[in-house]
There are 4 protein chains.
Amino acid sequence: MPARERILRAAERLFAEFGFQATPTSRIAEVAGVPKGLVHYHFRRKPDLLTALVERLPDERVDLQRVVVRGDVAESLHRLVTELDGRLSASRVLSHLLWREADTHSVVREALRQRYETLIAQVRAVILAAGVPARSPADVDSASALVARAVSYRHSVARHTEEPEEMRRELSLIASALEAKAGAAEPTGR
Amino acid sequence: MPARERILRAAERLFAEFGFQATPTSRIAEVAGVPKGLVHYHFRRKPDLLTALVERLPDERVDLQRVVVRGDVAESLHRLVTELDGRLSASRVLSHLLWREADTHSVVREALRQRYETLIAQVRAVILAAGVPARSPADVDSASALVARAVSYRHSVARHTEEPEEMRRELSLIASALEAKAGAAEPTGR
Amino acid sequence: MPARERILRAAERLFAEFGFQATPTSRIAEVAGVPKGLVHYHFRRKPDLLTALVERLPDERVDLQRVVVRGDVAESLHRLVTELDGRLSASRVLSHLLWREADTHSVVREALRQRYETLIAQVRAVILAAGVPARSPADVDSASALVARAVSYRHSVARHTEEPEEMRRELSLIASALEAKAGAAEPTGR
Amino acid sequence: MPARERILRAAERLFAEFGFQATPTSRIAEVAGVPKGLVHYHFRRKPDLLTALVERLPDERVDLQRVVVRGDVAESLHRLVTELDGRLSASRVLSHLLWREADTHSVVREALRQRYETLIAQVRAVILAAGVPARSPADVDSASALVARAVSYRHSVARHTEEPEEMRRELSLIASALEAKAGAAEPTGR
DNA sequence: TATGAATGAGAATTCATTCAT
DNA sequence: GATGAATGAATTCTCATTCAT
């Protein structure tokens with residue numbers, strides 16, 4: 001494996017475990033099995049490692065066609081979330097690590113912000129595409145926020161061991177809310 | 001104001017702004033207006049500051065009697081959340097700061113974990129006390145998780161500027177889900 | 001027990017175990033069970049503790065009348081050494097501790113030098129008083145040096161666990177040397 | 001001269017003059033003419049300097065063939081001692097310095113203990129090889145101890161300015177004791 | 001490309017000592 | 001006499017970064 005790659009992997013692991021500041025570049029070199037000078041040869045300054053790491057986040061844009069089940073919001077959301085989980089599972093630590101450094105590194109912060117926006121946009125798109133009839137836009141917003149937050153929480157908060165089943169139930173609850181409201185709002189002709 | 005207190009306030013402010021690691025104790029002394037040595041006289045090592053800060057988190061146990069509105073889950077939850085927000089607003093930075101350090105400081109981590117448990121327990125208690133008829137326990141769990149997570153997110157993630165109205169709408173959506181399910185589950189008895 | 005005394009005892013113990021420099025006055029206060037300020041109240045500066053400790057060395061001047069056995073150098077020396085050992089056994093650590101600090105503290109160095117001189121003078125006096133006939137003054141000097149050094153070594157070097165019997169044998173060897181020389185020098189008709 | 005070597009020499013000199021604890025690493029850097037950081041680059045922590053210094057002690061194993069004069073114990077011992085003195089004279093300060101730090105640094109303590117054992121073994125070997133007839137083993141032990149202690153004392157105690165002639169006389173006294181005893185024990189066979 | 005010695009600006013921490021009470 | 005907060009100089013050690021080779 002090329003040295004650059006080894007360095008990045010070591011950095012990822014160490015940043016995740018001890019934090020960015022608390023990880024000396026010398027330690028990264030050590031773990032990567034490369035001489036100390038090489039780290040700065042590839043990444044002039046330490047924060048460059050973070051920048052490079054950001055680019056390793058997997059693409060989180062899902063092909064919505066594949067996850068939407070028309071008429072079934074709960075199932076659609078669940079497929080979306082499962083798909084996202086799959087992609088991120090390989091880089092759970094990376095995701096968490098970046099989350100932690102977002103406060104002090106604007107590159108990271110900006111990247112995560114964009115990802116969150118993409119996320120919430122996708123959730124909303126799935127809800128709409130799944131075709132719940134006549135729910136208010138505000139409710140769709142709320143539901144999207146709840147779902148996106150649940151996903152984000154899972155992907156960013158470390159040591160988070162929620163059972164998958166629990167997520168499914170939460171999604172189903174949200175879906176039923178949307179449907180109930182819709183139902184409640186509709187039939188009577190409002 | 002006693003020197004110890006001045007030091008803690010300075011630490012809180014600086015940790016919140018720059019992070020624990022990135023804040024030199026010398027800077028804390030400077031901001032607190034005390035000599036460098038005094039910081040270590042009161043807090044032998046730097047992490048002791050974090051420990052002391054943890055103890056400054058406001059008590060988050062709410063008098064549930066005062067927030068529950070029987071028969072109105074949405075309103076009850078909203079009152080609970082508003083109450084919690086009020087308490088934490090004074091220490092929003094503190095809360096966020098601790099959240100960030102939880103990974104590397106077990107004292108902090110443990111404190112936050114306990115707080116989260118208290119939070120979720122209170123949400124559930126409020127839902128039950130508000131008296132939604134016949135919803136499944138699993139749904140109450142899911143709803144509690146969604147609400148607790150929403151609150152926790154607000155209190156821990158920095159720069160989070162969600163409008164209060166949005167929170168109310170989310171709570172209302174969750175409440176309606178509980179009620180809808182209840183209705184759906186009990187077609188006969190209603 | 002008066003605080004001053006408690007402080008001195010604590011200092012003695014700690015200096016012996018960790019050395020003068022490596023023992024903080026705060027630690028002395030702690031071990032003595034007195035407030036930190038009191039140490040400096042009684043002993044303005046830290047080296048004053050050493051000075052006070054020097055004065056606690058037991059008097060090593062032995063009543064030579066009581067140890068000399070005329071005609072038996074070996075026995076006389078043994079009695080002297082045994083007597084000295086008895087006095088110092090109570091303060092073995094003190095003795096060793098001061099030895100260690102002699103290099104950096106002239107008060108201590110001077111005290112130990114005087115003690116060594118007293119010691120060697122006493123050894124010589126005992127040899128002479130025990131009455132070996134006609135040994136050369138130079139031999140008495142050498143013997144005195146050997147004996148004094150043996151005693152000094154025992155009293156100053158820590159962790160020195162020589163068996164008492166061994167000391168007796170060494171003394172006896174030295175005595176026999178003196179006698180042999182005397183004998184060798186004599187008979188031929190001086 | 002390589003920087004590492006310059007640092008070690010400076011450390012040796014300063015430790016000898018002021019003691020280990022009382023010598024700041026910054027001062028070592030200064031005297032060595034290197035930047036402060038380099039001292040810790042080569043010797044991670046300060047005691048590592050002591051460890052490195054221990055390894056600089058000259059080998060004290062003497063070729064016994066060269067010093068033993070059969071039939072003349074006094075001369076043999078004198079040659080041994082002179083040889084040892086020659087080797088150590090270059091590192092007299094080093095030797096003394098280590099002696100002082102032995103109490104607090106086990107690496108040093110252990111090294112010195114081994115050296116003392118080697119020393120006493122060599123003294124005994126020389127006595128035996130010089131061939132004093134029929135002296136008791138206990139006497140050889142005693143003589144060895146006396147000689148070894150004399151040598152050790154010279155090499156470890158600072159500011160020790162004994163005249164060489166005095167050492168010769170002491171050795172001669174010990175030798176004569178061995179011979180006298182031998183003679184006394186073996187009146188017949190001689 | 002690679003390397004590892006070199007650099008120097010801090011960082012946390014220690015601690016003797018002072019001093020107001 | 002006693003106390004413990006306060007002081008600040010000094011010390012060890014860390015580490016990102018540079019750079020000659």
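Order of the sequence lines sets the chain letters (A, B, ...), proteins ahead of strands, with each chain counted from 1. Computed from a predicted structure; not experimentally measured.
Comparing A:Ala22 and C:Gly37, the nucleotide of DNA chain F nearest to each residue sits closer to the 5' end for C:Gly37. Positionally, the nearest nucleotide of DNA chain E for D:Arg4 lies more toward the 5' end than for the other of C:Thr23 and D:Arg4.
Judged by distance alone, the side chain of A:Arg100 and the main-chain N or O of A:Ala16 form a donor-acceptor pair under 3.5 Å. Counting only distance, with no hydrogens or angles, the side chain of A:Lys46 and the backbone of A:Pro24 share no donor-acceptor pair below 3.5 Å.
D:Asp48 and D:His42 share no side-chain donor-acceptor pair at under 3.5 Å.
At F:dT14, one or more side-chain N or O atoms of D:Arg45 fall inside 4.0 Å of OP1 or OP2 (strictly under the cut-off). Not one side-chain nitrogen or oxygen of C:Thr25 sits closer than 4.0 Å to the OP1 or OP2 atom of E:dC15. Regarding contacts with the backbone of E:dA16, every side-chain N or O of C:Arg44 stays at 4.0 angstrom or more from both OP1 and OP2. Within the 4.0 Å cut-off from OP1 or OP2 of E:dT1, not a single side-chain nitrogen or oxygen of A:Tyr41 is found. Between D:His42 and E:dA6 there is a side-chain N or O to OP1 or OP2 distance below 4.0 Å.
Put simply, CZ on C:Phe20 is 13 Å from P on E:dC15, counting in whole angstrom units. Atoms CD (B:Glu30) and P (E:dG10) sit 13 Å apart, rounded to a whole Å. When rounded to the nearest whole Å, the span between NE2 of B:His40 and C1' of E:dA11 equals 9 Å. As a whole-Å value, the separation of D:Phe43 CZ from E:dA5 P is 12 Å. One interatomic measurement links the two molecules: CG of C:Asp48 to C1' of E:dT18, which rounds to 15 Å at whole-angstrom precision. For the pair B:Leu38 CG and E:dA12 P, the interatomic distance rounds to 16 Å; values are reported in whole Å. Separating the NZ atom of C:Lys46 from the P atom of F:dA9 is a distance of 20 Å, rounded to the nearest angstrom. Regarding C:Ile28, its CD1 atom lies at a distance of 17 Å from the C1' atom of F:dT3, rounded to whole Å.
Salt bridge annotation for C:Arg87-C:Glu60: absent, with no cationic side-chain nitrogen under 4.0 angstrom from a carboxylate oxygen.
Within the 4.0 angstrom heavy-atom criterion, base atoms lie near D:Lys36. Within the 4.0 angstrom heavy-atom criterion, no nucleotide atom of any strand lies near A:Ala3.
With rounding to the nearest 0.5 angstrom, the CZ atom of A:Arg109 is 12.0 Å from the CD atom of A:Glu101.
Within the shown strands, F:dA20 is the pairing partner of E:dT3 under the Watson-Crick or G-U definition, both distances less than 3.5 Å.
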